[in-house]
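Read the structure below first, then the notes.
Below, read A as the first sequence line, B as the second, and so on, with proteins coming before strands; counting in each chain starts at 1.
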There are 2 protein chains.
Amino acid sequence: MQAKKYNISVEATLEVIGGKWKCVILCHLTHGKKRTSELRRLIPQITQKMLTQQLRELEEDGIINRIVYNQVPPKVEYELSDYGWGLKGILDALCAWGEKHLDKVYGDKYSVLEKSVLNEQLD
Amino acid sequence: MQAKKYNISVEATLEVIGGKWKCVILCHLTHGKKRTSELRRLIPQITQKMLTQQLRELEEDGIINRIVYNQVPPKVEYELSDYGWGLKGILDALCAWGEKHLDKVYGDKYSVLEKSVLNEQLD
DNA sequence: TACTCTAGATACCTTAAGGTGATATAGGCA
DNA sequence: TGCCTATATCACCTTAAGGTATCTAGAGTA
């Protein structure tokens, strides 16, 4: 395989965790193993297709592990792989910056309700 | 203005630095003020339109400052704003992870040439 | 005069990312 | 017998992100 030409290494990172959903999924997984249905509940706007598609790609890149339980109805869990845990610092920083940014941009208009919902989902 | 509903704060961050180019631009700016033409040289694949478009959006979000010199031919420089410097930790981490990832994925096949080009551009 | 150089705008077009809705499993259970 | 469950895949469609080509300004310069 030929190394792809990146002009700057951050492009390699973006290829792995870029896009609309991957960081969101990974942030949730930093709080522990999750079932597919849990992820769908945690990320209401994501569609079934996008969820499994993003999970597949993350799995291919070795960021997450897919754990299949042989039972009916099916049960599948996803967790950060050892390699994926190397992203924890970045993911936490992204979340933290986002919170600060929301405070800055919306200030008081950023309702307490929002925050409680947000924290609930972070736990 | 109504606060947008985010399910998790990382979404707010992605709205500011998401997309194909913004992190790349910002990474370059962490190494100092840059003229438009310098950025275009540093990011050969970006088109004129995308560059100015992304720069405008970053400026609107208060991440970068646009410095216009009143002279002909025009001279415009971009630099991280004080607020933008708050992203330095994240940007550095993204770059660092990307380098490690390239090593892991490509190993020896990831040529020294690539690395030197890469480092050159990081300086 | 004609052409350079830098930064940018704008209209239009292409493509890939993302979304919708239907269908497939395969055992448990009413 | 037929419906439930959770997970996933497929074909198709939409939309927004990104790309191309052409245009501007205004002074220097060959």
Side-chain angles (χ1 to χ4, degrees), chain A residues 4-8 10-26 28-29 33-61 63-79, chain B residues 4-8 10-26 28-29 33-61 63-79:
Chain A
K4 208 162 187 172
K5 253 240 157 110
Y6 296 106
N7 292 294
I8 188 170
V10 70
E11 292 177 17
T13 308
L14 293 178
E15 199 149 292
V16 176
I17 62 167
K20 191 172 173 181
W21 301 112
K22 284 179 183 170
C23 277
V24 177
I25 292 171
L26 291 174
H28 285 300
L29 291 184
K33 206 167 7 178
K34 296 270 181 278
R35 295 188 61 171
T36 311
S37 50
E38 282 181 276
L39 286 172
R40 245 185 324 135
R41 188 174 47 78
L42 290 168
I43 316 172
Q45 296 126 323
I46 202 171
T47 59
Q48 177 80 40
K49 176 192 147 188
M50 290 311 294
L51 180 58
T52 56
Q53 184 176 304
Q54 304 301 302
L55 288 167
R56 286 290 167 284
E57 292 177 16
L58 288 169
E59 197 194 352
E60 273 173 35
D61 285 323
I63 307 295
I64 62 173
N65 296 132
R66 181 166 185 257
I67 308 156
V68 181
Y69 297 83
N70 253 336
Q71 62 186 54
V72 170
K75 177 177 174 181
V76 179
E77 286 182 330
Y78 295 93
E79 64 179 8
Chain B
K4 210 162 184 171
K5 252 241 159 106
Y6 295 107
N7 293 292
I8 188 170
V10 71
E11 292 176 17
T13 308
L14 293 178
E15 198 149 294
V16 176
I17 62 168
K20 192 174 174 182
W21 301 113
K22 284 179 182 169
C23 278
V24 177
I25 293 170
L26 292 174
H28 285 301
L29 291 184
K33 209 171 358 184
K34 296 270 182 276
R35 295 188 60 171
T36 311
S37 51
E38 282 182 277
L39 286 172
R40 243 178 332 130
R41 188 174 48 75
L42 289 169
I43 316 170
Q45 297 128 321
I46 202 171
T47 60
Q48 174 81 39
K49 177 191 146 187
M50 289 313 293
L51 181 57
T52 56
Q53 184 176 304
Q54 303 301 301
L55 288 168
R56 287 289 167 286
E57 292 177 15
L58 288 169
E59 197 194 352
E60 272 172 36
D61 285 324
I63 307 296
I64 62 174
N65 295 133
R66 183 168 184 257
I67 308 157
V68 181
Y69 296 83
N70 252 337
Q71 63 186 51
V72 170
K75 178 176 174 183
V76 178
E77 287 183 330
Y78 295 93
E79 65 178 9

Quick one: on DNA chain D, does M50(B) or V68(A) contact a more 5' nucleotide (nearest heavy atom)? V68(A)

NA contact type, Y69(B), heavy-atom cut-off 4.0 Å: base, sugar-phosphate, or nothing? nothing

Would you say R35(B) places a side-chain N or O within less than 4.0 Å of OP1 or OP2 belonging to dA7(C)? yes

Which part of the nucleic acid does Q48(A) contact within heavy-atom distance under 4.0 Å: base, sugar-phosphate only, or nothing? base

Nearest whole angstrom, please: distance from the P of dT9(D) to the CG of L55(A). 10 Å

To the closest 0.5 Å, what do you measure between CG (L42(A)) and CG (L51(A))? 10.0 Å

Between L14(A) and K20(B), the two heavy atoms sitting closest are CD1-O, 4.3 Å

Whole Å only: how far is the CD atom of E38(A) from the C1' atom of dA6(D)? 13 Å

Look at K20(A) and dG19(C) and indicate whether a side-chain polar atom (N or O) is within less than 4.0 Å of OP1 or OP2. yes

Spacing between L51(A) atom CG and dG19(C) atom P, to the nearest angstrom: 11 Å

Indicate, with a heavy-atom threshold strictly under 4.0 Å, whether R66(B) touches base, sugar-phosphate, or nothing. sugar-phosphate

Taking only N and O in the side chain of R56(A), is any of them less than 4.0 Å away from OP1 or OP2 of dT9(D)? yes

Quick check on DNA chain C: between P73(A) and Q54(A), whose nearest nucleotide comes earlier from the 5' end? Q54(A)

Taking only side-chain nitrogens and oxygens of Y78(B), does any of them come within less than 4.0 Å of OP1 or OP2 of dG8(C)? yes

Atom-pair distance (CD1 on I67(B); P on dT6(C)), nearest Å: 19 Å

Show the nearest heavy-atom pair for residues I46(B) and R40(B), with the distance to one decimal. CG2-CG, 4.4 Å

If you check the S37(B) side chain, which of dA8(D), dT7(D), dA7(C) turns out closest? dA7(C)

Which whole-number value in Å describes the distance from R41(A) CZ to dT7(D) P? 12 Å

Gap between atoms CZ and C1', on R40(B) and dT20(D) respectively (whole Å): 14 Å

Which is true for Q53(A) with a 4.0 Å heavy-atom rule: it touches a base, it touches only sugar-phosphate, or it touches nothing? nothing

Nearest whole angstrom, please: distance from the C1' of dG18(C) to the NZ of K49(A). 6 Å

Can you find a side chain N or O atom of T36(B) that sits less than 4.0 Å from OP1 or OP2 on dG8(C)? yes

For residues K22(B) and V16(B), report the shortest heavy-atom separation together with the two atoms involved. CD-O, 3.2 Å

Using whole Å, report how far CG of L39(B) lies from P of dT6(C). 14 Å

The single option from R66(B), K33(B), K34(B), E38(B) passing side chain to side chain donor-acceptor pair (under 3.5 Å) against Y78(B): R66(B)

